[in-house]
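Here is the structure we will look at.
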Amino acid sequence: MTRCVRRAAVLCLLLLLAPLVAAARIQVLHPREYAANPADRRPAIARYSVPRGDILVDGTPVTGSRDTGEPLRYERTYADGPLFAPVTGYSSQRYGTSLLEAAEDGVLSGTDPRLASFSFLDGLTRPRRPGADVHTTVRAAVQRAAYEGLEGKRGAVAAVEPATGRILAVASAPSYDPALLSGNGPATARTWDGLNADAARPMLNRALRQTYPPGSAFKVVTAAAALDSGLVRDIDAPTDSPLPYTLPGTAVRLGNAADGCEDASLRYAFAVSCNTVFARLGARTGVTGMAEAAERFGFNDAGLRIPAKVTRSNFDRRMEPSQVALSSIGQFDTSATPLQMAMVAAAVANGGEIQQPRLVDRVTTPGGRTVATTRGRSLHQAMSPSTALLLQRMMRDVVTVGSGRDAAIPGVEVGGKTGTAQHGVGNAAVPYAWFIGWAEPEGSFRPTVAVAVVVEDADAERADFTGGGLAAPIAREVMRAAVREADGVDGKTGDGKSGGRQRQSGR
Amino acid sequence: MTATTAALPPSALRPRKRRGTELVLLVGAVAISVLGYAQVGWAQGSPLPRGATEYGAGLAGLALLAHLTVRLGAPYADPLLLPIAVLLNGIGLVLIYRLDLETPADRAAPAQLIWSAFGVALFAAVVVALRDHRALQRRARLSVVAALALILAPIFFPAVNGARIWIRFAGLSIQPGEFAKVLLAVFFAAYLAANRDALVHTGRRLWRLTFPSGRALGPVVAIWLAGVGVLAVERDLGTSTVFFGLFVVLLYVATGRTGWIAVGLLLAAVGAYAVGTLEPHVHSRVSDWLHPFASIDAGRGPGQLAQSLFAFAAGGVLGAGLGQGHSLLIGFAVKSDFILATVAEELGLAGLTAVLVLYALLVARGYLVALALPDTFGRLLATGLSSIVALQVFVIAGGVTGLIPLTGMAMPFLAQGGSSVVTNWVIVALLIRISDSARRPSPGPPAAGSGTAEARAGAGAPARERPEGGAGTP
């Protein structure tokens, strides 16, 4: 009997060992199989257990965190949601994050390794760090000017500081309030469904994520290609252009909306926006030359991040000569985001050099320690400095005597280019109105702002619907706000460089 | 040694009582529990949780009461049994208290403390009133009647959460099946002890197996079948499993016949398979066990077992720390059936191992008592009681880890549940009573029969090799 008792004892101990082995299998050998399951709410609980870091504009938080007292404790709030939605994006407990909230999520949620303190105690206890703050380059006044300019329309504005690449405004209309998406309840779901069903697509960031045919605004690129390649040496010399221009290899005849385009000089053709002249210049530059020129401005780059991802702007690399001609006036397959077109304007204003556009200035911990600072970085030399000087002159003409007179600001040198882009089947849809430009206070040696505005408005009369009529006034107000802001800095510091700007953003 | 036993002077033979060891271990057990309370408070941000002193004092008082009872009533009892029970009970109170903090509307710790006090009181009563465990042998008939009555009682009460295992009486809900375990163990032990010879030596041979005669085995099988059958009707699958395991273990220990226990197990497996496929309630448990994440894939969110597995995975080796896990996501029964998931998440595999080692020690000490006893009934009873603890732990710990299909069962001492705590205190009381008999030096010359003297001598040092054990070391 003793033997049987012992065997029973061994059996009982094995019965106790078995669950321990099962637990060890789950806890030590394969915890990831379970931890990776999206149905486990622990990662979400941990994520929302600390207040999320804030996104700051001009040193003031435009976001916040609210203690809900629920399992997912802290919920995102937005101070001026619709105004900054194209900058911040949303941070939803139910639908994830977008734009800056997504791109800087590691910093904002506190998981970024740069925030770690590497202390022994931290390594042992694995505390959940509160999120760090992201200071943006956006200027509230410029953003507000863009937002108000687009009010009641569909369109987008992108404004950058040409010398630094700092993005001053990213606006998209219609906008939405990301605060309504923060939670995880049924109201959040209704808002989400409503926004997604909305035909106006308010959650689409038109400045970064939507490409439009740039139309005549693209002529800046075509002109730069023609000048850089030596095809045109004197902007005042006649270009020997026929009217109408028959697209090469076809019988399609291209005309103009403007007068005096036959044999016009590059300068005149630019000011009044002659399609024939630029189509012919593009065709003569050839597909390779045009594509390379476009790519120097940033086209065909799918990897641009500011740090939110920017949709690729397109210029085809393989085309018939007739298609090259149409592409060179911003039609056919040519398409660009408003930010891309702002970069085109910025390249001209900045002597041909494009700075990497960036939305984040620096990251600071809640304690005020600066974790990271983003520095300006040259992206491309889009054109030679001399070409940039010639284009600056031509773009100023557009505003002083040409199609973009609505963008003029007294006391400020403004250069620009209008565009009216045909699209739709048979180009029957209401065209997109473009204006790209830059502004430089008189007596200053650096341009303050480069801007691109696109308006896609179905309600406007087709006759009025030109870049000059619809988009230029918006661009003017945005540039005026940027110049005023920069003046404020210059007045205080006597220096318009980024150092002064940082001081201001800290106020 | 056996020959000289009686000749040695009593002082040299008299085993140490080890009550001091028990007291020191008890102080440690209470200290660990109080530290647990403090840690819960610190994790939740307050310096010391309100009520921690009350709980600590309450637990210390219970431990002291139990200790004094043992000192007076069973001075030769095993010194490890009581501290283990107190520590497990204390850890359980800490865990329930910790979960209470997040369910302010549904506090279970105060009631659990009261039940624990009741359990300790019953413990004291058993230790004091039951002077000799063999008195139980004479009450086998009463035990079995009471057990069946207790098992049958919930049928007359409404089902709770699909199972008819509770009776509600004066605001209390009691799970009589818990108490029936002990009574059935007493009955099985008494019956098998009385009929052991008939079971071993008579019977008919069928192929290579010798089956006991129906007359010998009949009553016990009938009662076992009745118990298991009623529990199956009540859908108390956990208790059914424990009864079945208890029966198999005791039958094996009593007869030493492995062959037809294997047959029994096979039949049980066939029965379990049939029930698992045919009965919808059981079938859903089985399919949950096979596919714990099926409800997630179906869009209905994670079920209890999936949440339990998540809790285990979240714990890792060292755990999230007491008070810092999220085992509350399990929802229903998190303080009772799934209490082990909280151990796993907050204390990690390390803490889980510690808890299971405590159970293993409890079971092992119980089996050592069985080995040390001279009488067959005592041996079978100690074996049965220890096995009940091991089987309970296996059924519920295996269930929440996904090792076996999940059936409702309280983790002994740890889980919320008054009936379970009280029952387990009675189990420990009986083990203490039996161990006291096993280690107590005989007052006069050894009783007739050298076998008894042999066993008594061995009882003084259970770990020592004994003549019988030398041949049968497994």
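Chain identifiers are assigned alphabetically (A, B, ...) following the order of the sequence lines, protein sequences preceding nucleic acid strands; residue numbering begins at 1 within each chain.
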Hey, is the main chain of B:D78 close enough, under 3.5 Å, to the side chain of B:S435 for a donor-acceptor pair?
-> yes

Chain B contacts, top residue of A:I26, A:D40, A:V28 (heavy-atom pairs, under 4.5 Å) = A:D40

Heavy-atom contact with chain A under 4.5 Å, split by part of B:A311 = both

Contact listing (chain B partner; residues 41-49 of chain A; heavy atom under 4.5 Å) | A:R41, A:R42, A:I45

Interface moiety of B:I296 toward chain A, non-hydrogen atoms closer than 4.5 Å = side chain

How far does OG1 of A:T60 sit from CD1 of A:I55, to the nearest 0.5 angstrom?
-> 13.5 Å

Is A:T68 reaching over with its side chain to a backbone N or O of A:R73, donor-acceptor style, under 3.5 angstrom?
-> yes

In Å and rounded to the nearest 0.5 Å, what is the OG to CD distance from A:S91 to A:E104?
-> 13.0 Å

Residues in residues 11-25 of chain A near chain B [non-hydrogen atoms, under 4.5 Å] = A:L11, A:C12, A:L13, A:L15, A:L16, A:A18, A:P19, A:L20, A:A22, A:A23, A:A24

Which bit of B:S387 is near chain A, if near means a heavy-atom gap under 4.5 Å: side chain, backbone, both or neither?
-> both

Who among B:G348, B:A254, B:G325, B:P292 has the most heavy-atom pairs with chain A under 4.5 Å?
-> B:G348

Validation row, ring centre B:F338 to ring centre B:F312 under 6.0 Å = no

Among the listed options B:G256, B:A370, B:A344, the residue most often paired with chain A at heavy-atom distances under 4.5 Å = B:A344

Is the CZ atom of A:R312 crowded by more than 12 outside heavy atoms at less than 6.0 Å?
-> yes

Check salt bridge (charged side-chain N to carboxylate O under 4.0 Å, His left out) between A:R66 and all other residues, then give those that pass, not counting sequence neighbours.
-> A:E75

Non-neighbouring partners of B:Q304 that pass side chain to side chain donor-acceptor pair (under 3.5 Å), sequence neighbours left out = none

